[in-house]
Amino acid sequence: IQLNSSSYIIPLLLTDACLNKVKLTVGLGDSNETTSVVIGAGFANDLFGSDVLAITDDNPLPVRTFVPDVLPPVLRYVQLDMDVGTLLLSFDEPIDASSVNFANLALNVSESLYAATNSSSSHNADNSQNITV
């Protein structure tokens with residue numbers, strides 16, 4: 001954070017790991033009705049050294065502006081292990097395991113496509129960023 005001595009707005013940039021934890025927490029980050037903030041008195045001081053007024057669990061401050069996640073997940077990399085017989089798909093954000101449709105997955109070898117079907121492959125999808133086929 002870079003602040004000048006009289007800042008009263010503190011922008012915080014969430015890391016990808018932190019943002020993904022928010023996405024994986026049911027009810028958090030869904031809307032401004034379900035997302036609020038609490039802070040302790042030691043969070044910051046004013047210019048005269050007084051602690052910021054705490055916002056507690058029993059009266060959290062709702063977010064004023066909420067922008068939902070509308071960007072589609074992006075496949076970051078694919079790992080094929082021919083010894084073990086697994087294909088790992090790694091995305092840039094958590095994937096809903098119940099939404100995985102293997103009818104839409106195929107391996108492309110030269111000009112041939114080899115489709116993965118639910119009957120010909122086992123898989124592990126657990127609401128994380130990785131899916132193993």
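What you see is a predicted model, and the numbers here were worked out from it, not measured in a lab. In what follows, every heavy atom counts, from backbone to side chain, and hydrogens, waters and symmetry copies are set aside.
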Spacing of [X] atom [atom1] and [Y] atom [atom2] [to the nearest 0.5 Å]:
| X | Y | atom1 | atom2 | answer |
| --- | --- | --- | --- | --- |
| D16 | K21 | CG | NZ | 12.5 Å |
| I55 | I39 | CD1 | CD1 | 4.5 Å |
| L88 | L80 | CG | CG | 10.0 Å |
| N20 | D92 | CG | CG | 8.0 Å |

(request) Using atom types as modelled and distance alone, determine if a side-chain donor or acceptor of T15 lies under 3.5 Å from a backbone N or O of C18. (result)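 Looks like yes, one N/O pair under 3.5 Å.
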(request) Keeping the roles fixed (side chain from T35, backbone from G29), state whether a donor-acceptor pair exists under 3.5 Å. (result)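 Yes.
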Answer with yes or no whether the hydrophobic clustering places [X] together with [Y]; edges join I, L, V, M, F, W, Y residues whose side-chain heavy atoms lie under 4.5 Å apart.
| X | Y | result |
| --- | --- | --- |
| F91 | V78 | yes |
| V38 | V22 | no |
| I10 | L13 | no |
| L89 | M82 | yes |

List the residues meeting side chain to side chain contact (heavy atoms under 4.5 Å, CB included) with [X], not counting sequence neighbours, and say none if there are none.
| X | result |
| --- | --- |
| S50 | D46 |
| D83 | D81 |
| A41 | D51, A54 |
| T34 | D30, S31 |

Please tabulate, for side-chain N and O atoms in residues 62-69, each donor-acceptor pair with protein atoms closer than 3.5 Å (sequence neighbours left out).
residue, atom, partner, partner atom, Å
D69, OD1, L71, N, 3.2
D69, OD2, K23, NZ, 3.0

(request) Taking all non-hydrogen atoms of both residues into account, name the closest pair between V52 and G40 and its distance. (result) CG1-O, 3.7 Å
(request) Taking all non-hydrogen atoms of both residues into account, name the closest pair between I95 and S99 and its distance. (result) CG2-OG, 4.4 Å
(message) Please determine whether side chain to side chain contact (heavy atoms under 4.5 Å, CB included) holds for the pair Y77 and L75, giving the CA-CA distance in whole Å, both sets of side-chain angles, and the decisive distance to 0.1 Å.
(response) CA-CA 6 Å; Y77 68 87; L75 182 61; over 6 Å; no
(request) Could you work out the complete set of other residues in the hydrophobic cluster of V70, with links drawn between I, L, V, M, F, W and Y side chains under 4.5 Å apart? (result) none
(message) Do L61 and S36 make a side-chain contact, defined as non-hydrogen atoms from C-beta onward lying under 4.5 Å apart?
(response)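 Side chain of L61 against side chain of S36, heavy atoms only: no contact under 4.5 Å found.
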